[in-house]
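Structure first, then comments.
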Amino acid sequence: MTEQQVQIRVRFAPSPTGHLHVGGARTALYNWLYARKTGGVFVLRIEDTDAQRSTAESYEGIVRGMRWLGLDWDEGPDCGGEYGPYVQSARGVLYHSDAGRLVDEGKAYYCFCTAHRLEALKFEQRESRDQIRYDGHCRDLDTDEVARRLAAGEPHVIRFRMPEGGEVRFDDVVRGEFTIANEELDDFVLIKSDGLPTYNFAVVVDDARMRISHVIRGDDHLSNTPRQVHLYAALGYPLPKFAHLPMILGGDRTRLSKRHGAVSVDFYRENHYLPDAMVNYLALLGWSFDDRQELFSRPALIEKFSLKRVSKNPAMFDNDKMEYINAEHFKRLDLLRKTQLVHELLREQGYLPGDFEVDFTRPVDLKLVPGTQPVAAGESQEGGTPSKQFHRLAMIVQIMGNRLKLLRDAPSQIGYFFKDEFPVDRDAFERHVRGAGGARRLARLADALEGLRYFERGAVEETVRAFADELGIEAGELIHPCRVALTGGTVSPDIFWVIVLLGKAKTVERLRGASARAGG
RNA sequence: GGCCCCUUAGUCUAGUGGUUAGGACGCAUGGUUCUCAGCCAUGAAUCAGGGGUUCGACUCCCCUAGGGGCUACCA
C-alpha cells in the first residue's frame, strides 16, 4: 500500500494593509522556495477581510514587490486557478456556508452580545486578574429566541463553541509538538457583525478549500493555530502541516513595522539592489544551509532550501549584511550584465546622450573590453558610434571593478566620465591642487599629455611617471592632484585608465581648468 | 493579568553529552597599491543567570531574567 501522494500546495496570504516589508517577503520567499523545490504549487491569496484598512494601493505594492523579487505564483487573484476566487472579500458565500454548517451541527452559535457588554466583561476580568475570555453568555440561547432576534434584525456574530475540557495538539515542522488546554481558548468569533469572517475562520476555510498542504507563515500565528486546528476538525477538513517561521525584528528588537525605516521591499527596489541578493539575504534570515555557505544563486537556494533547517530564533534585519550580500552578487555578474544595468540607470538619470542606444537583444562584442587592450590612437573616446560608446561604458564598468558595489551609486561614482559638471571636493582641491604647488604641475602635465601621439594606458602612465621623475617627486604627488582635477574627488579607479577613458581632449581641458582655478 | 514561544560574540548563524565552541557581516591592525574598493594576513568579541542530572554539560530537566507573540467583531 503506497501512501497517496498529496500534491504540495503552499500559499502566501498577505493582507493588503501596507507595503510589503521584509518579514512578509521572507514568508513569501520560504513558501515559494518550498513550492519550487518540491514541484508544488504556490498560491497568492489576498486577506482583505479588514474592510477598513485594506487598500488597492497596498495590493499593487505587494504584487510589485513579489514580482521584483521574482516570486511568481501559480494561482492568485490576477491569474486565477482551480480554487478561486483568491481574494477573501469575494469568498463570502464560502464562509457563510461553512459557518452555517457549524451552527446547524451545534458547533457554533449566534451571539448577540453588544460591544458594551463585552467591554464591561473584559474590564471586570482584568480587575479580578482573571483570564480574559468570552463568558459564553449566548452559548445556550433558546433556538426560538435566536430565531426571533435574528428575524428582528438584531446585530449578531457567530461564535465557535469551544469544547469544555481536553486539549489540542498539533505538530509544527519547526517548533515540534504544541499542546494547549482548551480552557485557554474561548468561544472566538467566526463571522463578524458586518458579515465578514474573522481571520481565524477565513484562513481555515480558505486553506482547506484551496487544498493547502503546508501552512508556512510567521510565528505570530502560532498562538492562533490551536483555534484553527479546532476549526479543521469541526469542519471535517484534513489538517495541513504547519511551519511557523521566526519573526524578523527591527533594530529595537520589536516586531517590524513602518517605523523601522528601510524595511520595505520597495526601498531596496528603488535603490537598485539586486533582487537575487535580497532573496539570498532574506533566505538567510531564519534559515541556514550549513556552517560555510551563505552565498546562493536562486537555483542553488531552491535546491538547498529545507524547512527542517529553519531556525526558531527571531532575527534582526542587518543592513550591513544585506549590502555585503548585494555586493557579492554584483561582483559575480558578468561584465555585459553589469554594463547593461549601469547603462539603464545612467540613462534614467540623464547621464547619457540621447543617441546612446544599445540593442541588448543582440550579442555585444566585448572582445576589446577586458582591460588590457590599448585603445587605438585617433579613436576618440567621446561620442562615436553606439557600439563605441557602449564599448567605452563597458570599459568604465570594467575598471571600476569591485568599487561598484551598489548599482545605485554608479551615477555618483562614474558620472564625471559623462558630464563636465561634477561635484568637486573643496578640501581635496585645496589640499592637492592649490596647495602643494599642484596647479602649475597640472598645466605642464596637460601639455605633456597633449603631445602624446598614442593615447593609450601604457603611454599615459609612462608620461605621468616620467614627468614626476623630472620634477623629482613621487608619482603619487602628481597623481593625487590629477585625480581631483579629473574626477572631482580623491577616490577613483586606476588613474591612468581614467585618463585614457576620459580621452585626451577632456583630460587636457580638465587639467588646465583646475590649474587655472587654482591660480596656477 | 493569563497562556504560548524564543535565548551561542554588536548582528546572522554552525553545533544535538567529551570541540582550542566553527563560519559570515561589522569592528581593529598590518600587507598589496596612485586613492578607494577589493584581495591577503592577524586580532578583539559569544554559549543570559542560577540550580540540578551526569564521570562529563552550549547540548537534557527545573527556576529566574530578558525578548517576542497571542489573549479583537486586526490580520
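We name chains A, B, ... by the order of the sequence lines, and we start the count at 1 in each one. Computation of the quantities below employed the complete heavy-atom set of this structure, encompassing side-chain atoms and omitting hydrogens, waters and symmetry-equivalent molecules.
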Over all strands shown, is R133(A) touching base, sugar-phosphate only, or nothing at heavy-atom distances under 4.0 angstrom?
nothing
Just to be sure I understand the rule, does V189(A) reach a base, reach only the sugar-phosphate, or reach nothing, if contact means heavy atoms closer than 4.0 Å?
sugar-phosphate
Atom-to-atom span, CD of Q125(A) to P of A72(B) - whole angstrom
9 Å
Using a heavy-atom cut-off of 4.0 Å across all strands, would you classify T198(A) as base, sugar-phosphate, or nothing?
sugar-phosphate
Using a heavy-atom cut-off of under 4.0 Å over every strand shown, decide if P155(A) touches base, sugar-phosphate, or nothing.
nothing
Could you state the atom-to-atom distance from CZ of R117(A) to P of C73(B) in whole Å?
12 Å
If you assign D494(A) and L285(A) each to the RNA chain B nucleotide with the nearest heavy atom, which residue ends up on the more 5' nucleotide?
L285(A)
List the steps and the verdict of salt bridge (Lys or Arg N to Asp or Glu O under 4.0 Å) for E47(A) and R45(A).
CA-CA 6 Å; E47(A) 309 214 325; R45(A) 181 177 73 225; 2.8 Å; yes
Length of the line joining N280(A):CG and U13(B):C1', which is rounded to integer Å
14 Å
Taking only the side-chain heavy atoms of R227(A) (C-beta and beyond), determine which of C5(B), C74(B), U71(B) contains the nearest atom.
U71(B)
Across the strands shown, which category fits I132(A) at heavy-atom distances under 4.0 angstrom: base, sugar-phosphate, nothing?
base
Please give the distance between the P atoms of C73(B) and A14(B) as a whole number of Å.
38 Å
From C6(B), C34(B), A75(B), pick the nucleotide closest to the side chain of N313(A)?
C6(B)
Of C34(B), U35(B), A75(B), the nucleotide closest to the side chain of R403(A) is U35(B)
If you look at every strand shown and take non-hydrogen atoms under 4.0 Å, does N224(A) touch a base, only sugar-phosphate, or nothing?
base
Please pick, from C70(B), G26(B), C74(B), the nucleotide with the shortest atom-to-atom distance to any side-chain atom of S223(A).
C70(B)
Take L231(A) and F188(A) through the side chain to side chain contact (heavy atoms under 4.5 Å, CB included) test and state the conclusion after the steps.
CA-CA 11 Å; L231(A) 252 17; F188(A) 58 99; 3.8 Å; yes
Sticking with atom P, work out how far G69(B) lies from G10(B), rounded to a whole angstrom.
23 Å
Taking the side chain from H21(A) and the backbone from G23(A), do they hold a donor-acceptor pair closer than 3.5 Å?
yes
P atoms of C25(B) and A37(B), separation to the nearest Å
15 Å
In this structure, how many angstroms lie between the C1' atom of U71(B) and the CD atom of Q131(A), rounded?
8 Å
Distance between the P atoms of U42(B) and G23(B), in whole angstroms?
11 Å
Base, sugar-phosphate or nothing for T49(A)? Non-hydrogen atoms, less than 4.0 Å.
sugar-phosphate
Report yes or no: is the cationic atom of R431(A) (NZ for Lys, CZ for Arg) closer than 6.0 Å to the six-membered ring centre of F429(A), at no more than 45° off its axis?
no
5' priority, RNA chain B, between D194(A) and W287(A) [closest heavy atom]:
W287(A)
Cation-pi between R159(A) and Y110(A): NZ/CZ under 6.0 Å from ring centre and within 45° of the ring axis?
no
In whole angstrom, give me the gap between the C1' atoms of G26(B) and U13(B).
15 Å
Please write out each protein N/O paired with an N/O of nucleotides 39-42 of chain B under 3.5 Å, distance rounded to 0.1 Å.
{"from": "C39(B)", "atom 1": "OP1", "to": "K331(A)", "atom 2": "NZ", "distance (Å)": "3.1"}

Backbone N/O of S54(A) and side chain of S58(A): donor-acceptor pair under 3.5 Å
no
Pairwise C1' distance for C47(B) and C60(B), with rounding to whole Å
15 Å
Between D290(A) and R309(A), is there a side-chain N and carboxylate O pair less than 4.0 Å apart?
no
For a quick check under 3.5 Å, do Y109(A) and D187(A) share a side-chain donor-acceptor pair by atom type?
yes
Quick one: label S193(A) by what it contacts on the DNA or RNA (base, sugar-phosphate, nothing), any heavy atom closer than 4.0 Å.
base
Would one find more than 12 heavy atoms of other residues, nucleotides or ligands at under 6.0 Å from atom CD of E462(A)?
no
Is there a side chain to side chain donor-acceptor pair (under 3.5 Å) between D172(A) and H244(A) once you walk through the steps?
CA-CA 7 Å; D172(A) 188 283; H244(A) 285 96; 2.5 Å; yes
Specify the separation, in whole Å, of atom NZ of K321(A) and atom C1' of C25(B).
4 Å
Could you state the interatomic distance from CG (L141(A)) to CZ (R139(A)), rounded to the nearest 0.5 Å?
12.5 Å
If you look at every strand shown and take non-hydrogen atoms under 4.0 Å, does G286(A) touch a base, only sugar-phosphate, or nothing?
sugar-phosphate
Tell me whether the count of non-hydrogen atoms from other residues, nucleotides or ligands lying under 6.0 Å of CZ in R444(A) goes above 12.
no
Classify the nucleic acid contact of S288(A) as base, sugar-phosphate or nothing, counting any heavy atom under 4.0 Å across all strands shown.
sugar-phosphate
If pairing requires Watson-Crick or G-U wobble contacts with both distances under 3.5 Å, which nucleotide is the partner of U42(B)?
A28(B)
For C63(B) versus A75(B), give the span between their C1' atoms, rounded off to a whole number of Å.
35 Å
Reckon H244(A) touches a base, only the sugar-phosphate, or nothing at all at heavy-atom distances under 4.0 Å?
nothing
Using a heavy-atom cut-off of 4.0 Å across all strands, would you classify R126(A) as base, sugar-phosphate, or nothing?
nothing
When the ring planes of Y273(A) and F267(A) are compared, do they come out parallel, tilted or perpendicular, using 30° and 60° as the limits?
tilted
Which residues within residues 177-187 of chain A lie with some heavy atom under 4.0 Å of an atom in RNA chain B?
F178(A), I180(A), E184(A)
Tell me what R309(A) touches on the nucleic acid: a base, only sugar-phosphate, or nothing, going by heavy atoms under 4.0 Å.
sugar-phosphate
Strictly by Watson-Crick or wobble contacts shorter than 3.5 Å, is anything paired with C60(B), and which nucleotide is it?
G52(B)
Spatial distance of atom OG1 (T49(A)) from atom NZ (K192(A)) [nearest 0.5 Å]:
4.5 Å
Candidate nucleotides C34(B), C6(B), C73(B), ranked by approach to the side chain of L118(A) - the nearest
C73(B)
Any strand is fair game: report the nucleotide pairing with U33(B) by Watson-Crick or G-U wobble, both distances under 3.5 Å, or none.
none
Partner of D219(A) by salt bridge (charged side-chain N to carboxylate O under 4.0 Å, His left out), out of K312(A), R175(A), R26(A)
R175(A)
Distances for protein N/O vs nucleotides 19-22 of chain B N/O pairs under 3.5 angstrom?
none

Over 12 non-hydrogen atoms of neighbours within 6.0 angstrom of CD in Q52(A)
no
Using Watson-Crick geometry (N1-N3 plus N6-O4 or O6-N4) or G-U wobble (N1-O2, O6-N3), each under 3.5 Å, C3(B) is paired with G69(B)
From the list G38(B), C70(B), A14(B), which nucleotide is the closest neighbour of the side chain of K405(A)?
G38(B)
C1' gap between G49(B) and G67(B), integer Å:
15 Å
Measure CD/E477(A) against P/U35(B) and give the value in whole Å, please.
13 Å
